[in-house]
Amino acid sequence: MNKLIVIVGPTASGKTELSIKLAKKYNAEIVSADSRQIYREMDIGTAKPLDLREIPHWLLDIKNPNRAYTVAEYKKDAVKIIRDIQKRGKLPILTGGTGLYVKAIVENLDIPKIKANPLLRAKIEKEVKEKGLEYIFQKLVKLDPEAAYVIDAKNPRRVIRALEITLLTKKPFSQQRKSGMPLFDILEIGISVPNENLKDRINLRVDEMIKNGLVNEVENLINKYGSKQQAFDAIGYREIIDFLKNKKTLEKATAEMKINTWHYAKRQITWFNADKKIKWIKSYKETKNLVQQFL
RNA sequence: GCCGGGGUAGCUCAGUGGUAGAGCACUGCUCUGAAAAAGCAGUGGUCGAAGGUCCGAUUCCUUUCCCCGGCA
């Protein structure tokens with residue numbers, strides 16, 4: 001038995017609620033696919049599930065916020081835990097909104113084994129600053145002609161990473177974007193919420209976060225770790241950090257959180273729409289039928 | 001009431017005698033060790049209203065309405 005249920009959807013669509021409900025019914029355990037809930041002490045702003053007593057949750061609170069974490073690590077961690085759950089005869093439910101993390105598992109992405117190299121990146125970034133991104137892109141194309149078609153020439157991070165891999169492996173990055181054979185027998189469920197509805201839910205949730213003490217949470221975090229951690233490059237944390245540094249009012253920070261969360265939700269929807277295996281559901285009953293059939 | 005400043009995209013504002021632009025918002029999209037990240041593209045305006053001058057007015061002139069500041 002290597003069945004895996006995957007639940008995706010935009011932020012604030014009700015993934016947590018649905019996965020807990022399913023987990024209770026099918027004796028399952030939940031594996032998070034969320035790049036920010038990975039971090040300890042980032043609770044309110046990441047809308048981390050609070051009640052973990054009944055259902056085991058995995059890959060929450062596994063790193064301190066001063067640690068960088070990446071897809072490749074996630075894939076390793078998640079596969080291990082999913083297998084472990086299956087070995088114990090229980091059903092794993094993978095749930096979360098980080099599309100790339102989900103894809104890494106579902107499509108068994110073969111992520112190039114080159115770690116992020118901060119020194120090299122800094123060096124290339126400096127070059128970008130001095131000579132322009134186009135110059136660096138041409139450098140990449142010289143080493144990897146196919147990259148011209150595959151890599152977004154105007155996206156600094158993409159170009160830099162492609163160059164990083166090409167340089168360190170001495171093989172073109174464009175030939176290293178592969179995926180392996182499926183790892184699991186998967187049912188992918190997507191939660192579909194009408195736009196207006198989702199917008200309301202997002203706005204409400206942001207207001208709740210503020211009410212529940214997000215400002216305090218962020219203040220404690222930056223006192224402890226400083227404000228420049230990669231983990232804090234997250235909606236809710238960026239804006240509140242600006243507020244705490246007197247760069248904007250709380251009102252403005254809150255309004256920006258709402259807009260940024262909405263933009264994020266739309267990016268998620270675009271991302272998940274590209275995955276044709278996802279079965280979009282509008283009710284719990286539909287979900288139950290799908291799961292029943294799958295098991 | 002008088003004197004100034006202003007009314008241009010949903011918002012904040014540029015601008016020109018040859019029917020208009022930016023940022024943000026909005027819509028669509030990209031994504032293989034930073035992904036709540038990083039990027040790309042697109043839609044959108046009878047230029048407050050009415051007259052006049054001119055081949056031609058959003059731009060110049062007159063009148064009018066509205067907003068902001070000062071004086072009374």
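Proteins come first, then strands; the chains are lettered A, B, ... in the order of their sequence lines, and each starts at number 1.
When distances run from any side-chain atom of A:R177 to the nucleotides B:G33, B:A38, B:C31, the shortest one goes to B:C31.
At least one side-chain nitrogen or oxygen of A:R161 sits closer than 4.0 Å to the OP1 or OP2 atom of B:G33. Dashed line: the shortest gap from a side-chain N or O of A:K115 to OP1 or OP2 of B:A34 is not under 4.0 Å. Residue A:W262 has no polar side-chain atom (N or O) positioned under 4.0 Å from OP1 or OP2 of B:A25. Side-chain N/O atoms of A:H263 include none lying less than 4.0 angstrom from OP1 or OP2 on B:U27. In this structure, A:T98 does not reach the B:A35 phosphate: none of its side-chain N or O atoms is under 4.0 Å from OP1 or OP2. Not one side-chain nitrogen or oxygen of A:R158 sits closer than 4.0 Å to the OP1 or OP2 atom of B:C40. For B:A35, the OP1/OP2 oxygens have a side-chain nitrogen or oxygen of A:Y101 closer than 4.0 Å.
To the nearest angstrom, P of B:C31 lies 13 Å from CG of A:D275. In this structure, NZ of A:K266 is placed 3 Å from P of B:U27, rounded to the nearest angstrom. A:F272 has its CZ atom 14 Å from the P atom of B:U30, to the nearest Å. Counting to the nearest Å, the P atom of B:C31 and the CD atom of A:Q176 are 18 Å from each other. Residue A:E125 contributes atom CD, which lies 11 Å from atom P of B:G39 at whole-angstrom precision. Between A:I124 atom CD1 and B:G33 atom P the separation is 14 Å, expressed in whole Å. A:N108 places its CG atom 15 Å from the P atom of B:G33, with the value rounded to the nearest Å. Atom C1' of nucleotide B:C40 and atom CG of A:D152 are separated by 6 Å, given to the nearest angstrom.
Using P as the reference atom, B:U8 and B:C13 are 9 Å apart when rounded to the nearest Å. As rounded to the nearest Å, B:A25 and B:U12 have P atoms that lie 15 Å from one another. If you take atom P in B:C29 and the same atom in B:G5, they sit 49 Å apart, rounded to whole Å. Taking atom C1' in both B:A41 and B:G4, one finds a spacing of 45 Å when rounded to whole Å. Across B:C68 and B:U30, the matching C1' atoms stand 46 Å from one another, rounded to whole Å. Rounded to a whole angstrom, the distance from the C1' atom of B:G70 to that of B:G56 is 40 Å. Atom name P, nucleotides B:A57 and B:A50: the rounded distance is 14 Å, in whole Å. Comparing the same atom, P, in B:U59 and in B:C67 gives a spacing of 22 Å after rounding to whole Å.
A salt bridge between A:K277 and A:D275 is present, with a side-chain N of the basic residue lying under 4.0 Å from a carboxylate O of the acidic one. Between A:E286 and A:K279, no side-chain nitrogen of the basic residue sits less than 4.0 Å from a carboxylate oxygen of the acidic one, so the salt-bridge criterion is not met.
Taking a pair to require two hydrogen-bonding distances under 3.5 Å in either a Watson-Crick or a G-U wobble arrangement, B:G44 remains unpaired. When both distances must be under 3.5 Å, the Watson-Crick or G-U wobble mate of B:C54 does not exist. Across every strand in view, B:G69 sits in a pair with B:C3 that passes the Watson-Crick or G-U test at under 3.5 angstrom. Base pairing analysis places B:U30 opposite B:A38; the two distances defining the Watson-Crick or G-U wobble pair are each below 3.5 Å.
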- Carefully, step by step, assess A:R88 and A:D84 under the rule salt bridge (charged side-chain N to carboxylate O under 4.0 Å, His left out). CA-CA 6 Å; A:R88 299 197 322 268; A:D84 184 64; 2.7 Å; yes
- Test side chain to side chain contact (heavy atoms under 4.5 Å, CB included) on A:W262 and A:L198 and set out the steps. CA-CA 8 Å; A:W262 173 239; A:L198 187 62; 4.0 Å; yes
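Nucleic acid contact class of A:N260 (heavy atoms, under 4.0 Å, all strands): none. Using a 4.0 Å heavy-atom criterion, one finds that A:Y237 contacts no nucleic acid atom at all. Among the protein residues, A:K178 comes within range of the nucleic acid bases, having at least one heavy atom under 4.0 Å from a base atom. When heavy atoms are screened at a 4.0 angstrom cut-off, A:Y69 is found touching the sugar-phosphate backbone but no base atom. When heavy atoms are screened at a 4.0 angstrom cut-off, A:K113 is found touching base atoms of the nucleic acid. No engagement by A:T261 is indicated, since no non-hydrogen atom pair under 4.0 Å with the nucleic acid exists. A:G236 comes within contact range of no nucleotide atom at all, as no heavy-atom separation falls under 4.0 Å.
Position along RNA chain B of the nearest nucleotide to A:R36 versus A:D110 favours A:D110 as the more 5'-ward residue. With RNA chain B read from its 5' end, the first of the two nearest nucleotides for A:N273 and A:L109 is the one closest to A:N273.
Side-chain atoms of A:Q230 and base atoms of B:A38 include no donor and acceptor less than 3.5 Å apart. One can find a donor-acceptor pair under 3.5 Å joining the base of B:A34 and the side-chain atoms of A:R121.
A side-chain donor from one of A:E41 and A:Y225 sits under 3.5 Å from a side-chain acceptor of the other. Defined by atom type and a distance below 3.5 Å, a donor-acceptor pair is missing between the side-chain atoms of A:Y135 and A:E130.
Note that CG of A:N216 is 7.5 Å distant from CD1 of A:I44, once rounded to the nearest 0.5 Å. The distance from atom CD1 of A:I5 to atom OG1 of A:T287, rounded to the nearest 0.5 Å, is 10.0 Å.
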